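Computed from a prediction, not measured in an experiment: that's the story for all the values here. These numbers come from the heavy atoms of this one structure, side chains and all, not from hydrogens, waters or symmetry mates. Numbers for residues simply follow the sequence, beginning at 1.
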Amino acid sequence: MSAPGIHPSAIVEDGAQIGAGCVIGPFCHVGPDVRLGEGVTLKSHVVVTGDTIIGQGSTIFSFACIGEIPQDLKFQGEKTRLEIGARARIREHVTINTGTAGGGGLTRVGDDCLLMAGCHVAHDVQVGNRVIVVNNAALAGHCVVEDEVIIGGLSGVHQFVRIGQGAIIGAVTMVTNDVIPYGLVQAPRGVLDGLNLVGLKRRGVGRADITALRAAFQMLAQGEGTFQERARRMGGETDSAYVARIVEFVTGASDRSFLTPGQG
């Protein structure tokens with residue numbers, strides 16, 4: 001007999017930890033090292049495997065494969081993990097891999113994220129909170145996606161790229177370099193084409209901060225010196241926390257260069 005909430009055709013291996021109120025639908029497979037928080041729902045034909053934690057209240061839709069080994073030829077079967085936060089919405093055919101020893105051993109997705117159908121999150125990716133990844137977009141290994149980012153459908157993000165808080169990536173866009181917080185990137189070979197003004201306004205950012213961000217973007221685009229030099233100089237001339245976030249991002253450690261205004 002299956003436990004309440006677990007369909008008779010589902011396979012839940014010994015060792016799996018299933019929180020109160022979970023629903024595991026027909027033909028799902030839950031591996032022995034999986035931990036499901038309270039109220040997690042797995043629709044039909046979902047695979048959750050590996051050393052994987054799914055936060056409370058999350059829903060995973062049919063044919064998603066969560067916690068499988070990385071698509072990395074250097075992976076040698078080492079013990080690595082995947083953590084997904086609370087209230088995630090992971091739609092059909094999404095794939096999320098565990099980490100690798102060379103990348104820190106952990107792939108992480110934050111709280112309240114929406115991963116639409118067909119998305120891929122590769123090994124060692126770090127995704128913040130309230131991130132939306134639209135249908136068939138892919139994040140390559142070691143990417144960092146900060147809070148409240150939107151990644152458009154059919155887009156691809158190169159390995160090791162960082163995307164700053166509140167940025168938006170248009171559909172069918174290749175992102176090969178870091179994106180500043182609140183940036184707007186679009187075109188097939190991703191171009192930093194402005195600020196995510198719609199997103200800022202929807203989050204209730206005040207007019208003074210938006211004006212400061214506009215001025216900061218112009219300074220980054222047209223000021224003297226290198227991109228990092230312009231950012232540091234900008235940091236000494238602002239009292240806006242939003243502009244300060246851009247300065248912190250640009251002057252932080254990175255394995256890639258930056259998308260700069262008007263350049264792919």
Side-chain angles (χ1 to χ4, degrees), residues 36-43 52-61 64 66-67 81-97 99 106-122 124-140 142-157 161-171 173 175 178-186 190 192 194-206 209-210 213 240-246 248-249 252 259:
L36 303 183
E38 293 184 3
V40 169
T41 297
L42 309 182
K43 304 285 189 176
T52 297
I53 297 174
I54 309 292
Q56 65 180 9
S58 295
T59 301
I60 305 178
F61 287 75
I66 310 301
R81 297 181 294 130
L82 166 64
E83 296 179 1
I84 296 175
R87 299 173 299 279
R89 295 293 178 267
I90 299 173
R91 295 303 306 244
E92 297 83 357
H93 298 280
V94 168
T95 55
I96 309 176
N97 297 155
L106 174 65
T107 304
R108 180 185 287 118
V109 177
D111 296 337
D112 300 298
C113 291
L114 170 59
L115 306 182
M116 296 188 190
C119 294
H120 177 62
V121 178
D124 306 295
V125 169
Q126 306 296 307
V127 177
N129 302 319
R130 300 176 298 281
V131 170
I132 299 174
V133 185
V134 183
N135 300 313
N136 297 300
L139 305 176
H142 312 279
C143 290
V144 176
V145 181
E146 295 187 348
D147 296 348
E148 298 170 339
V149 167
I150 299 175
I151 298 175
L154 295 165
S155 294
V157 182
V161 160
R162 298 182 303 148
I163 300 179
Q165 180 176 349
I168 186 167
I169 310 299
T173 297
V175 183
D178 290 357
V179 178
I180 61 171
Y182 319 113
L184 165 65
V185 173
Q186 57 187 352
L192 182 61
L195 296 169
N196 182 16
L197 295 174
V198 172
L200 290 165
K201 291 174 182 177
R202 284 177 177 171
R203 286 192 290 275
V205 176
D209 279 311
I210 289 177
L213 283 166
S240 168
Y242 291 89
V243 175
R245 181 70 192 93
I246 294 177
E248 178 186 2
F249 184 89
L259 291 180

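No option in I163, V134, I132 other than I163 meets the side chain to side chain contact (heavy atoms under 4.5 Å, CB included) test with I151. Just one residue in the list L115, V133, I60 forms a side chain to side chain contact (heavy atoms under 4.5 Å, CB included) with V94, and that residue is L115. With respect to L213, the side chain to side chain contact (heavy atoms under 4.5 Å, CB included) criterion is satisfied by exactly one of L197, L200, N196: L200.
Put simply, the side chain of Q126 gets close to the backbone of L106: a donor and an acceptor are under 3.5 Å apart. R162 contributes a side-chain N or O that, together with a main-chain N or O of F249, makes up a donor-acceptor pair within less than 3.5 Å. At least one donor-acceptor pair closer than 3.5 Å links the side chain of N129 to the backbone N or O of D111. Although no hydrogens or angles enter the test, the distance criterion places no donor-acceptor pair under 3.5 Å between the side chain of D147 and the main chain of Q165.
Side chains of D178 and V161 form a contact here, defined as non-hydrogen atoms less than 4.5 Å apart. Contact annotation: the side chain of I90 never approaches that of I54 to less than 4.5 Å [non-hydrogen atoms, C-beta and beyond]. Looking only at side-chain heavy atoms (C-beta outward), R91 and L114 come within less than 4.5 Å of each other.
Between D112 and R87 there is a salt bridge, since at least one side-chain N of the basic residue sits less than 4.0 Å from a carboxylate O of the acidic one.
Shown here for R130 and C113, the closest heavy-atom pair between the two residues is N-SG, 3.9 Å. Residues V125 and A122 come closest through the heavy atom pair CG2-O, 3.2 Å. When all heavy atoms are compared, the tightest approach of H142 to D124 is CE1-OD2, 3.5 Å. Nearest approach of G85 to S58, heavy atoms of both residues: O-OG, 3.1 Å.
Summarising the geometry, atom CD1 belonging to I96 is positioned 6.0 Å from atom CG belonging to L82; distances are rounded to the nearest 0.5 Å. One distance of note links CD of E83 with OG1 of T52; it measures 9.5 Å at 0.5 Å rounding. Between R245 atom CZ and E146 atom CD the span is 4.0 Å, to the nearest 0.5 Å. Atom CE of residue M116 and atom CZ of residue R89 lie 13.0 Å apart, to the nearest 0.5 angstrom.
More than 12 heavy atoms of other residues, nucleotides or ligands sit less than 6.0 Å from atom CD of E92.
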